[in-house]
Protein chains: 2
Amino acid sequence: MESLSQTEENYLKAIFKICENEDKPANTNAIASELQMTAAAISDMLKRLSSKELVHYKRHYGVTLTEHGSQIAKTLIRKHRLWEVFLCDVLNFTWDEVHEMAEQLEHVQSSELIFRLDRFLGRPKFDPHGDPIPDADGNFEMRKQIALSALQENESGVVVGVDEHSSAFLQYLDQMHLGLGVKVKVLEIYKFDNSLKISLGAGKELTISNKVSENLLVQKK
Amino acid sequence: MESLSQTEENYLKAIFKICENEDKPANTNAIASELQMTAAAISDMLKRLSSKELVHYKRHYGVTLTEHGSQIAKTLIRKHRLWEVFLCDVLNFTWDEVHEMAEQLEHVQSSELIFRLDRFLGRPKFDPHGDPIPDADGNFEMRKQIALSALQENESGVVVGVDEHSSAFLQYLDQMHLGLGVKVKVLEIYKFDNSLKISLGAGKELTISNKVSENLLVQKK
DNA sequence: TAATATTTTTAAGTTTGCTTAAAAATATTT
DNA sequence: AAATATTTTTAAGCAAACTTAAAAATATTA
Ligand SMILES: [Mn+2]
Ligand SMILES: [Mn+2]
Ligand SMILES: [Mn+2]
Ligand SMILES: [Mn+2]
């Protein structure tokens, strides 16, 4: 059970992220773009990950994680999201500030540390961005959520997550008071550009672009 | 202000540790032994650290930290010790369990993180082993402490630190209830091997070897 | 001082993880 | 199907951070 380098861990996470939505193998260019590296570097690493049996790799056919590789990726995601909860809930960082620190903290090696951190935080099920935190076995709690853009006029929902994680978007949401847990109702859909007039919990009205409503996840109410 | 690799940071810490007691430059073999590496690797790295102006290096004459290098080393020690406090005080690890995790956590890069962690922990001045935590400017709060072995018969002191940090020693101290804050009195010194009969706060008596008393730091009372 | 021992540096080579450039495989158009 | 475009892999090379072995510098001892 030789432990992996941070670099190797980042490759597994990238492959997991690409594969988790679509059910097909991750292709080299997608990984290269995710990790901001050249395709050549990816090909190179895939061979090494394959020889360690962390990925199923056949040249020109894309790559998938083995069960072992997948387990490692899920543990990394668990650690990342637990640390984000720690940073927001305990150290009072805002949700747009925590990702880079969590990228580093997730590589700290100690399963006991993560067990205790989880317990200290009260075994949270979701991170500050509404993303589910897998349990110690890698099981995600799935939630029925849809993009706000999928609601019809007069339908309501509660904000439970975001599809886009950039600081710019998160800060925009803060400014508009569109954080997690806020109840929104679609008052009007402007067909021209699919922008929305919505009302927030406190009766305030707001117009948001389609790009915003597509990246804001709500639970229908 | 190119940021340093974890490896480079570890070299600076090692040099600092070697130089902090004695006032002479650190020699190659001492660093090699501290980092468990060959002398050749050290020579190699010293050239690179020197070109980055983190150390004063002249071949065959040993090495010292520049002001910049020293500042980085002190920040690392600050981070290491604050994380150790976090692990013990918040996550309830014991003092013999935290060092390895802190070795990793100290390399997480974010001055805001360490500022907030320090504030959350109540700006502690000492870590779980009694070692002083430098402030944000790198200033250590010094304490007048001596080895228990330096006490005369009938003199008393309070345990405030350890000179040896191995798990084995720390666990031994736990077993003997010789943790930080415990009041000890030297009842008898056995000249033959310099072992001591001491009494603890609760009136209990105990015999300890010279090796133990030399590594146990007390504040004379 | 000369011989010997120790310490430090240099030289050469390895592994990891990247790069650019070229070649090869696969996919898309015409 | 042939031509063209895209994707992926291979080849060659580089930098960081190590190793072992040999050489050089310094220190100790006779
Ligand atoms: Mn994140
Ligand atoms: Mn997140
Ligand atoms: Mn420590
Ligand atoms: Mn400590």
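Proteins get letters first, then strands, A, B, ... in listed order; numbering begins at 1 in each. These numbers come from the heavy atoms of this one structure, side chains and all, not from hydrogens, waters or symmetry mates.
Within the 4.0 Å cut-off from OP1 or OP2 of dT10(C), at least one side-chain nitrogen or oxygen of K47(B) is found.
Under the side-chain hydrogen bond (donor to acceptor under 3.5 Å, both in side chains) criterion, D89(A) pairs with no residue at all, not counting sequence neighbours. Under the side-chain hydrogen bond (donor to acceptor under 3.5 Å, both in side chains) criterion, Q171(B) pairs with D96(B), sequence neighbours left out. With sequence neighbours excluded, the residues satisfying ring pair (Phe, Tyr, Trp, His ring centres under 6.0 Å) with F86(B) are F86(A), W83(B). Remark: K211(B) engages no residue in a salt bridge (Lys or Arg N to Asp or Glu O under 4.0 Å) (not counting sequence neighbours). Annotation: ring pair (Phe, Tyr, Trp, His ring centres under 6.0 Å) contacts of H68(B) (sequence neighbours excluded): none. With sequence neighbours left out, E8(B) forms a side-chain hydrogen bond (donor to acceptor under 3.5 Å, both in side chains) with S5(B), K52(B).
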Side-chain donor/acceptor pairs under 3.5 Å, residues 105-126 of chain A, sequence neighbours excluded:
residue	atom	partner	partner atom	Å
E106(A)	OE1	K13(A)	NZ	3.2
E106(A)	OE1	H80(A)	ND1	2.8
E106(A)	OE2	K13(A)	NZ	2.6
H107(A)	ND1	E9(A)	OE1	2.5
H107(A)	NE2	N10(A)	OD1	3.1
H107(A)	NE2	E103(A)	O	3.3
Q109(A)	OE1	S3(A)	OG	3.3
S110(A)	OG	L113(A)	N	3.0
E112(A)	OE2	R116(A)	NE	2.7
E112(A)	OE2	R116(A)	NH2	3.4
R116(A)	NH1	L91(B)	O	2.9
R116(A)	NH1	N92(B)	O	2.7
D118(A)	OD2	R78(A)	NH2	3.2
D118(A)	OD2	R123(A)	NH1	3.2
K125(A)	NZ	R123(A)	O	3.1

Output side-chain donor-acceptor pairs under 3.5 Å for residues 27-39 of chain A, partner residues at least two apart or in another chain, one line each.
residue	atom	partner	partner atom	Å
E34(A)	OE2	K17(A)	NZ	3.3
T38(A)	OG1	A41(A)	N	3.4

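Across all strands shown, dT30(C) forms a Watson-Crick or G-U wobble pair, both distances under 3.5 Å, with dA1(D).
Atom CD1 of I42(A) and atom P of dG17(C) are 12 Å apart (whole Å). Atom-to-atom, OH of Y57(A) to C1' of dT7(D) comes out at 11 Å; the value is rounded to the nearest Å. Distance Q36(B) CD to dT19(D) P: 10 Å, rounded to the nearest Å. Here the C1' atom of nucleotide dT19(D) and the CG atom of L35(B) are 15 Å apart, to the nearest Å.
Other residues, nucleotides and ligands place no more than 12 heavy atoms under 6.0 Å from the CG atom of D23(A).
With hydrogens and angles disregarded, a donor-acceptor distance shorter than 3.5 Å links the side chain of E153(B) to the backbone of I189(B).
Both A39(A) and S43(B) lie close to DNA chain C; mapped to their nearest nucleotides by heavy-atom distance, the more 5′-ward contact belongs to S43(B).
Sorted by first and then second residue, the ring pair (Phe, Tyr, Trp, His ring centres under 6.0 Å) pairs involving residues 46-67 of chain A (not counting sequence neighbours) form an empty list.
Sorted by residue number, the list of members of residues 17-33 of chain A with any non-hydrogen atom under 4.0 Å from DNA chain C is empty.
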Short heteroatom pairs, N/O only, protein and nucleotides 25-29 of chain C, under 3.5 Å:
none

Heteroatom pairs (N/O) under 3.5 angstrom, protein to nucleotides 14-18 of chain D:
residue	atom	partner	partner atom	Å
dA17(D)	OP1	S5(B)	OG	2.6
dA17(D)	OP2	R48(B)	NH1	2.8
dC18(D)	OP2	Y11(B)	OH	3.2

